[in-house]
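First up is the structure itself, then whatever we jot down about it.
Computed over heavy atoms, backbone and side chain alike; hydrogens, waters and symmetry mates excluded. Lettering of chains follows the sequences in order, A, B, ..., and the numbering in each one begins at 1.
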Protein chains: 2
Amino acid sequence: MTGKREQKKEQTRQAIVAAAVDLFSSKGYEKTSIEDLAKAAGIGKSTVYTYFKAKEEIFLAFFDEEFEYSFSALHEHVDPDAPLINQLHTLFMLQYEFVTKNREFGRILVRETLFPKSVTSLAKESNQRYLDALGEILNRAKERGEIRPEFDNFFLAAHFFMIYLGSLSGLYTGYITTTEEVEIGLMTLLNQALQGIAL
Amino acid sequence: MTGKREQKKEQTRQAIVAAAVDLFSSKGYEKTSIEDLAKAAGIGKSTVYTYFKAKEEIFLAFFDEEFEYSFSALHEHVDPDAPLINQLHTLFMLQYEFVTKNREFGRILVRETLFPKSVTSLAKESNQRYLDALGEILNRAKERGEIRPEFDNFFLAAHFFMIYLGSLSGLYTGYITTTEEVEIGLMTLLNQALQGIAL
DNA sequence: CGCTAAAGTCGAACCGGGTCGACTTTAGCG
DNA sequence: CGCTAAAGTCGACCCGGTTCGACTTTAGCG
């Protein structure tokens, strides 16, 4: 396999993603047209559609690259044996900063990964990776005896993920506006989840 | 005030919303073009933009009509003095059914209200109404001594809302596929929230 | 090496959301 | 009632994502 043809195809794909990383970062998603990407990649506009079914798919590929970078930064900041709430706090605030470096970017990201038009493996993969990272943190917390062992890891991870997600939504709907408010909201909700709401 | 002009304007507005209720329901949001709406309302395409700034705004107006209907049905199903978890369960499952009557509809709804392009009062209003309805349920639960009184009502409502939101996302990303699974997921998460995750 | 069918490419066109600016209606004043 | 400025209307157009179909390249067989 991997004949000349496949190699070239892979190269072109890379070129499109590289153009996306470049242009989405500098001009933003909406303001970058498919034609811009095509020109930057040195191909024709409609050729882009040989490699990606839609603009959103290019976005997801672009996100993959960025995600890698962001998650490697995470491990430098979080002590794997710190109390759970500290770890979650750090993780979410890092993620939050990353997402709001470009407000537009974060919005599209959430929309496309969490409420995608069709069930593509791409979107699910992104979520899974996030959930896995959360799962590891939770596992360690369970081993330390910090949290109830009878709850399922998947639903625990999902629970925390939702809290993060909701805080983001608060940002986009205008309920909260500053980083401090995000921080307060996040901590309040994490506390509720950990302590329990019922008397 | 309310001269002939304002009356007619209101009429035209209504005609557009009526066309939206009709066409969005039958053909779906994406497949209904502005021109379709204009034709159905008996006006020109660009006149639509005198009444609404964007297609999304028409969607929100359409949703307003549907929302009213759905929430009135709610009060017939939920006993205001039933245990909190039962009330939440009923509320969310009703809401869920409503939203998935048309899958497309639910997706756009979440996207536009929770992650809107710009902070419009419209989207915030929709959320606020939902949060208010939740707040009432929580108030009664507090009065019955079911939940911790020291937590802020807003954040409690937000917490439950997020759980619902996350379950929906699970549906759209393909983590869950059937109504039963939604129900199980919902109950699991509500339990976690009420009991508390920490040991 | 020549041929062919499949794969890859891209210009042209489609489609639908949104804008512009010229035209039409009408409120409300004298 | 007549006039005018403001409000309302809409045809023509722009723009960008996506599709179509004709053209070009190339793998791989004889």
Any N/O pairs under 3.5 Å between the protein and nucleotides 22-24 of chain D? List them or say none.
none

List in chain and number order the residues that pass side-chain hydrogen bond (donor to acceptor under 3.5 Å, both in side chains) with A/Asp132, two or more places apart in sequence or in another chain; answer none if no residue qualifies. A/Gln128
Does any pair with a residue in residues 154-172 of chain A pass side-chain hydrogen bond (donor to acceptor under 3.5 Å, both in side chains), and if so which ones, sequence neighbours excluded? A/His159-B/His159, A/His159-B/Gln192
In whole Å, what is the span from the CG atom of A/Leu23 to the P atom of D/dG16? 14 Å
Checking B/Lys31 now: which residues fulfil salt bridge (Lys or Arg N to Asp or Glu O under 4.0 Å) with it, not counting sequence neighbours? none
Starting at atom CD of A/Glu57, determine the distance to atom P of D/dT18, rounded to an integer number of angstrom. 10 Å
List the atom pairs, donor and acceptor, that lie under 3.5 Å between side-chain atoms in residues 133-142 of chain A and the rest of the protein, sequence neighbours left out.
{"unit_1": "A/Asn139", "atom_1": "OD1", "unit_2": "A/Asn153", "atom_2": "ND2", "d": "3.2"}
{"unit_1": "A/Arg140", "atom_1": "NH1", "unit_2": "A/Pro80", "atom_2": "O", "d": "3.0"}
{"unit_1": "A/Lys142", "atom_1": "NZ", "unit_2": "A/Phe151", "atom_2": "O", "d": "2.9"}
{"unit_1": "A/Lys142", "atom_1": "NZ", "unit_2": "A/Asn153", "atom_2": "OD1", "d": "2.9"}

Can you list the residues that meet the ring pair (Phe, Tyr, Trp, His ring centres under 6.0 Å) rule with A/Phe161, with sequence neighbours excluded? A/Tyr130
Would one find a side-chain N or O of B/Thr50 under 4.0 angstrom from OP1 or OP2 of D/dG8? no
Show every ring-ring contact (aromatic ring centres under 6.0 Å, His included) that has at least one partner inside residues 24-48 of chain A, sequence neighbours left out. A/Phe24-A/Tyr29, A/Phe24-A/Phe62, A/Tyr29-A/Phe59
Once ring-ring contact (aromatic ring centres under 6.0 Å, His included) is applied, what residue pairs with a partner in residues 173-196 of chain A remain, sequence neighbours excluded? A/Tyr175-B/Phe154
Backbone N/O of A/Pro83 and side chain of A/Arg144: donor-acceptor pair under 3.5 Å: no
Taking atom C1' of D/dT18 as reference, at what distance in whole Å does atom CG of A/Asp36 sit? 16 Å
Expected string for nucleotides 12-21 of chain C under the B/S/- scheme (protein heavy atoms, under 4.0 Å, primed atoms plus P, OP1, OP2 as sugar-phosphate) is -B--SBBBB-
Using whole Å, what does the distance between atom C1' of nucleotide C/dC10 and atom CG of A/Leu37 come to? 16 Å
Taking only residues two or more places apart in sequence or in another chain, which ones pass ring pair (Phe, Tyr, Trp, His ring centres under 6.0 Å) with B/Phe63? B/Phe67
Stem segments of DNA chain D by first residue number [Watson-Crick or G-U, under 3.5 Å, at least 3]: C:1-30 with D:1-30
Please name all residues satisfying salt bridge (Lys or Arg N to Asp or Glu O under 4.0 Å) with A/Lys39, sequence neighbours left out, ordered by chain then number. none
In whole angstroms, the gap separating C1' of C/dG8 from CZ of A/Phe52 amounts to 16 Å
